[in-house]
**Q** 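Could you have a look at this structure, given as structure tokens, before my questions?
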Amino acid sequence: MKNELLYSFFSDDDFLDISNKIRTMEKITSGEIRVAIKEEVPFSKRKKSILDLATEEFYKLNMANTRDKTGILIYILLSKRRFYVLADSGINEKVEQKTWDNIRDEMQEDFKEGHYLEGILTTIEKVGNILSQFFPIKEDDTNELSNKVVV
């Protein structure tokens, strides 16, 4: 059954909570946050690294097309318990990948403790707070990317 693994971790209400958290955090930053939760790697992509998979998803979601190159993807691969936080070039000019790796590691710990929704919500909040320091909301800011969770 499709999404069986996904729904053993999350409910539809959880997805709504995640979308709402993204919307809330984007009120303080011009950054664009997306969350992609994948159950497993397709057979044809099983040799790809988590970075490769996240990068593919990043471009598939048109996240590289934001005005200021401030898209950031929180990528979760449930079956492998792998996570990656991938930022666009505008963000990378100001924030080191190590910052996102630390946040990723904290989310991984939350998952290990069974705090799946809380782990994602906390991660979105941390990402949003960091982005707000470097990319505060602009007067003419528009929501360039959907806040819906990608599954």
Side-chain angles (χ1 to χ4, degrees), residues 6 9-10 14-113 115-151:
L6 189 67
F9 287 89
F10 303 102
D14 291 343
F15 294 132
L16 187 59
D17 288 347
I18 293 167
S19 295
N20 288 335
K21 185 63 162 185
I22 292 170
R23 184 177 301 107
T24 299
M25 295 315 294
E26 286 183 352
K27 288 179 181 170
I28 62 169
T29 178
S30 59
E32 291 288 331
I33 304 167
R34 300 266 351 231
V35 174
I37 305 172
K38 301 297 176 179
E39 286 194 345
E40 52 194 57
V41 181
F43 185 77
S44 61
K45 298 179 183 182
R46 73 181 191 284
K47 291 193 184 321
K48 292 191 175 201
S49 70
I50 188 75
L51 171 58
D52 290 340
L53 294 167
T55 301
E56 226 173 73
E57 190 71 17
F58 188 90
Y59 285 101
K60 186 174 133 193
L61 297 173
N62 294 319
M63 293 188 66
N65 298 339
T66 61
R67 176 176 66 178
D68 299 320
K69 300 292 183 202
T70 54
I72 189 161
L73 175 65
I74 300 165
Y75 184 85
I76 301 166
L77 182 56
L78 287 177
S79 62
K80 302 278 187 208
R81 307 290 194 275
R82 302 289 311 274
F83 309 85
Y84 204 87
V85 180
L86 182 67
D88 205 349
S89 58
I91 295 171
N92 287 336
E93 288 171 10
K94 297 185 178 185
V95 184
E96 292 182 11
Q97 181 63 41
K98 190 172 125 187
T99 302
W100 308 125
D101 291 346
N102 289 338
I103 290 172
R104 173 207 60 207
D105 294 346
E106 291 166 13
M107 180 171 53
Q108 203 154 2
E109 286 304 312
D110 286 333
F111 269 64
K112 282 180 187 169
E113 293 171 16
H115 304 143
Y116 310 114
L117 176 61
E118 298 83 355
I120 293 174
L121 296 177
T122 301
T123 298
I124 293 167
E125 187 161 335
K126 289 174 184 173
V127 166
N129 285 330
I130 290 168
L131 290 177
S132 71
Q133 295 169 33
F134 296 97
F135 305 97
I137 192 81
K138 295 178 177 178
E139 260 184 53
D140 64 343
D141 189 70
T142 57
N143 190 14
E144 297 178 78
L145 299 171
S146 171
N147 297 333
K148 279 183 68 177
V149 178
V150 180
V151 293

**Q** Can you name the ring-ring contact (aromatic ring centres under 6.0 Å, His included) partners of Phe10, sequence neighbours left out?
**A** Phe15
**Q** Working note: Trp100 + Val127, criterion side-chain contact (heavy atoms from CB on, under 4.5 Å); need CA distance, chi angles, decisive distance, verdict.
**A** CA-CA 8 Å; Trp100 308 125; Val127 166; 3.9 Å; yes
**Q** In chain order, what residues pass the ring-ring contact (aromatic ring centres under 6.0 Å, His included) check against Phe83, with sequence neighbours excluded?
**A** Phe111
**Q** Quick one, Lys98 and Asn102 - any side-chain contact, counting heavy atoms below 4.5 Å?
**A** yes
**Q** Return the CZ to CG distance between Arg67 and Asp140, rounded to the nearest 0.5 Å.
**A** 4.5 Å
**Q** Is there a side-chain contact (heavy atoms from CB on, under 4.5 Å) between Leu53 and Lys45 once you walk through the steps?
**A** CA-CA 8 Å; Leu53 294 167; Lys45 298 179 183 182; 4.1 Å; yes
**Q** If every non-hydrogen atom of Ala64 is compared with every non-hydrogen atom of Tyr59, which pair is closest and at what distance?
**A** CB-CE2, 3.4 Å
**Q** Report yes or no: does Lys38 contribute a side-chain atom to a donor-acceptor pair with the main-chain N or O of Ile76 at less than 3.5 Å?
**A** no
**Q** Taking the side chain as C-beta and beyond, is there a heavy-atom pair between Leu131 and Ile33 under 4.5 Å?
**A** yes
**Q** Output the distance between atom CG (Leu51) and atom OH (Tyr75), rounded to the nearest 0.5 Å.
**A** 11.0 Å
**Q** Counting distance only, does the side-chain N/O of Thr29 pair as donor-acceptor with the main-chain N or O of Gly128 below 3.5 Å?
**A** no
**Q** At what distance, to the nearest 0.5 angstrom, does CD of Glu109 lie from CG of Asp105?
**A** 8.0 Å
**Q** Supply the atom-to-atom distance Asn143 CG to Thr66 OG1, rounded to the nearest 0.5 angstrom.
**A** 11.5 Å
**Q** Just wondering, do Lys126 and Glu106 contact through their side chains at under 4.5 Å, heavy atoms?
**A** yes
**Q** Enter the distance from Glu40:CD to Lys80:NZ here, rounded to the nearest 0.5 Å.
**A** 8.5 Å
**Q** So, applying side chain to side chain contact (heavy atoms under 4.5 Å, CB included) with Val149, which one of Ile18, Ile22, Asp14 is it?
**A** Ile18
**Q** May I ask you to decide whether Asp101 forms a salt bridge with Arg104, counting only side-chain N to carboxylate O separations under 4.0 Å?
**A** yes
**Q** Quick check on side chain to side chain contact (heavy atoms under 4.5 Å, CB included): which of Ile74, Ile103, Asn129 does Ile124 satisfy it with?
**A** Ile74
**Q** Working to the nearest 0.5 angstrom, can you tell me the gap between Met63 CE and Thr70 OG1?
**A** 9.0 Å
**Q** Run Glu113 and Glu118 through side-chain contact (heavy atoms from CB on, under 4.5 Å) and show every step you take.
**A** CA-CA 10 Å; Glu113 293 171 16; Glu118 298 83 355; over 6 Å; no
**Q** Just list the side-chain donor-acceptor pairs under 3.5 Å for residues 86-96, sequence neighbours left out, or say none.
**A**
unit_1, atom_1, unit_2, atom_2, d
Asn92, ND2, Ala87, O, 3.0

**Q** Could you pull out the closest heavy-atom pair between Ile28 and Ser132, with the gap in Å?
**A** O-CB, 3.2 Å
**Q** Checking Phe9 now: which residues fulfil side-chain contact (heavy atoms from CB on, under 4.5 Å) with it, not counting sequence neighbours?
**A** Leu5, Leu78, Arg81, Tyr116
**Q** Scan for salt bridge (charged side-chain N to carboxylate O under 4.0 Å, His left out) pairs involving residues 26-37, sequence neighbours excluded, and state none if there are none.
**A** none
**Q** Listed by chain and number, what are the salt bridge (charged side-chain N to carboxylate O under 4.0 Å, His left out) partners of Asp68, not counting sequence neighbours?
**A** Lys138
**Q** List the atom of Asn20, the atom of Arg23, and the distance in Å for their closest heavy-atom pair.
**A** OD1-NH1, 2.5 Å
